Amino acid sequence: MSLDRGTRAGMLAAVERFTAERVAPRAAAIDESGELPRDLWKEAAELGLFALGVPEEYGGLGRDIVTPLLISELLARGSASFSLSFNNTTDAAVPIIMEGSEAMKRRYLPKVAKGEMIPCIAITEPTGGSDMAGIRTAAVREGDDYVINGRKMWITNAPVGDFFTVFCRTSADRHKGLTAIVVDRGTKGLTTGKAEPLIGLRGSPTGEVVFDNVRVPVANRLGEEGDGFRIGALTLDESRLHCAAVALGVATAALEHALAYAKERVQFGKPIIEHQGLMFLVSELATELAAARALWEKSAGLLTSDHSRRTSNYAAMTKLLCSDLCMKVTTEAVQIFGANGLSRSYPVERLMRDAKAFQIYDGTSQIQKWLIGRQLQKSGLPYGPLDPSVAEA
Ligand SMILES: Cc1cc2nc3c(=O)[nH]c(=O)nc-3n(C[C@H](O)[C@H](O)[C@H](O)COP(=O)(O)OP(=O)(O)OC[C@H]3O[C@@H](n4cnc5c(N)ncnc54)[C@H](O)[C@@H]3O)c2cc1C
């Protein structure tokens, strides 16, 4: 079941206020500190944001896929870092919701819903993230336990996370040899490093997780042995739309800042927006952003109604378009601000630094192109004539 329209609208209005009053004024300080703002996290929990996406029987507000994505876009207009920390929590709960045993759902989901536990997803390794089937972290079965050895890198929320869904190798088969296993912080042999100092998204702590003979019960496995690649791929479709939503939020904020500045800043005796070169630039960016938003809405609709290969293809196209466009819009916003754009006294340099990561995490832009191209090769274009249902609207 999902939220009714009234609850969803009320929640989005509350998030818009929370973003404007609490998150946006702190964005530069969050970026500067490089730390997760625990007080804002608590406030977000009190608003019920982490309960979205968690089924009601496990203490949530219902398995609503789209509302958390809409919230992420709103939060990202204030602080992309905070938005990523929030949305990674929603995404990282998905494997347990999809494939966890009843006992695991009862152990983790109520606390995730209350914001009392931070989940993480650990796929990427020092040897690479694009090739998920190349995972080396090994889980070896010993009686009723798995013993895990390996190292994961660039894991969102790792320094503050309470449990990790770890994608491990359980056999040599590239795809069917992967298994997802949940490991709690505090388990002997698990250590996390400090947050990596990144150029952007600095308030979303990202770091390594090391497994040195970590022993966990077989009951911590999600699904069957060998299901890891499938679980990872399904989770990524959702998180790619999440990444795209954050990118849209950041791009929209950048364009709003740029427009406001261009209306105020005077050169050659008139506001710079009245110079055609600049007016055409903002017109083009606004048009591209409108197109990207429409594609995002189409993909989000597909994700809720029919999670098929076509949906995966749309998720990849949306992630590619929105993340590349966010990089373009934020870079042009810096250009519109001139030298002020490079200054930390204005917000657009931070937005440009944040934007770069969207082209990298949840699969790089090249990997999205590869996924889209493979589907084009197999099944052709994923669309037919224009949608006749628009005539009914
Ligand atoms: C802010 C942030 C948060 C992250 N959070 C998480 C997380 O929570 N969990 C997690 O598991 N990972 C996380 N990651 C890691 C992220 O998913 C990986 O960085 C990403 O998948 C790319 O892997 P890589 O960095 O190892 O680059 P590589 O895979 O080494 O790729 C290097 C370059 O080669 C290109 N390339 C690779 N293969 C191909 C190909 N077949 N065709 C064309 N080009 C190719 C890539 O596009 C890239 O440009 C995060 C990363 C960042 C930056």
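Starting from 1, each residue takes its place in the sequence as its number. Only heavy atoms go into these numbers, but all of them, side chains included; no hydrogens, no water, no symmetry mates. In this text, all values refer to a predicted model and were calculated from it rather than measured experimentally.
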Exercise. Can you get from Met153 to Leu198 by hopping between Ile, Leu, Val, Met, Phe, Trp and Tyr side chains that sit under 4.5 Å apart?
Worked result: yes
Problem set entry | Check: Glu224 main-chain N/O paired with Asp227 side-chain donor or acceptor under 3.5 Å |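 At least one qualifying donor-acceptor pair exists.
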Exercise. Are the side chain of Thr206 and the backbone of Ser204 linked by a donor-acceptor contact shorter than 3.5 Å?
Worked result: yes
Exercise. Applying the side-chain contact (heavy atoms from CB on, under 4.5 Å) test to Glu99, which of Met104, Arg221, Arg230 qualifies?
Worked result: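 Result: among Met104, Arg221, Arg230, Arg230 is the only option passing the side-chain contact (heavy atoms from CB on, under 4.5 Å) with Glu99.
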For this session: Please determine which of Lys369, Gln368, Gln375 meets the side-chain contact (heavy atoms from CB on, under 4.5 Å) test together with Leu371.
Result: Gln368
For this session: For side-chain hydrogen bond (donor to acceptor under 3.5 Å, both in side chains), just list the numbers for Thr170 and Arg141, CA-CA rounded to whole Å, side-chain angles, deciding distance to a tenth of an Å, and then say yes or no.
Result: CA-CA 8 Å; Thr170 43; Arg141 181 91 185 243; over 6 Å; no
For this session: Can you spot which of Arg169, Lys152, Arg136 makes a salt bridge (charged side-chain N to carboxylate O under 4.0 Å, His left out) with Glu125?
Result: Lys152
Exercise. Any side-chain donor-acceptor pair under 3.5 Å between Ser389 and Asp387?
Worked result: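 On atom types as modelled, these side chains qualify, holding a pair under 3.5 Å.
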Exercise. Going through the checks in order, is the side-chain hydrogen bond (donor to acceptor under 3.5 Å, both in side chains) test met by Asp184 and Tyr108?
Worked result: CA-CA 10 Å; Asp184 292 324; Tyr108 295 110; 2.7 Å; yes
Exercise. What do the steps show when you test Arg293 against Thr252 for side-chain hydrogen bond (donor to acceptor under 3.5 Å, both in side chains), and what is the final call?
Worked result: CA-CA 10 Å; Arg293 295 173 73 84; Thr252 307; 3.3 Å; yes
Problem set entry | salt bridge (Lys or Arg N to Asp or Glu O under 4.0 Å) between Glu142 and Arg215, intermediate numbers included | CA-CA 9 Å; Glu142 284 186 12; Arg215 185 174 284 273; 2.7 Å; yes
For this session: Kindly assign one of parallel, tilted or perpendicular to the pair Tyr346 and Phe337, based on the angle between their ring planes and the thresholds 30° and 60°.
Result: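 Rings of Tyr346 and Phe337: perpendicular, over 60°.
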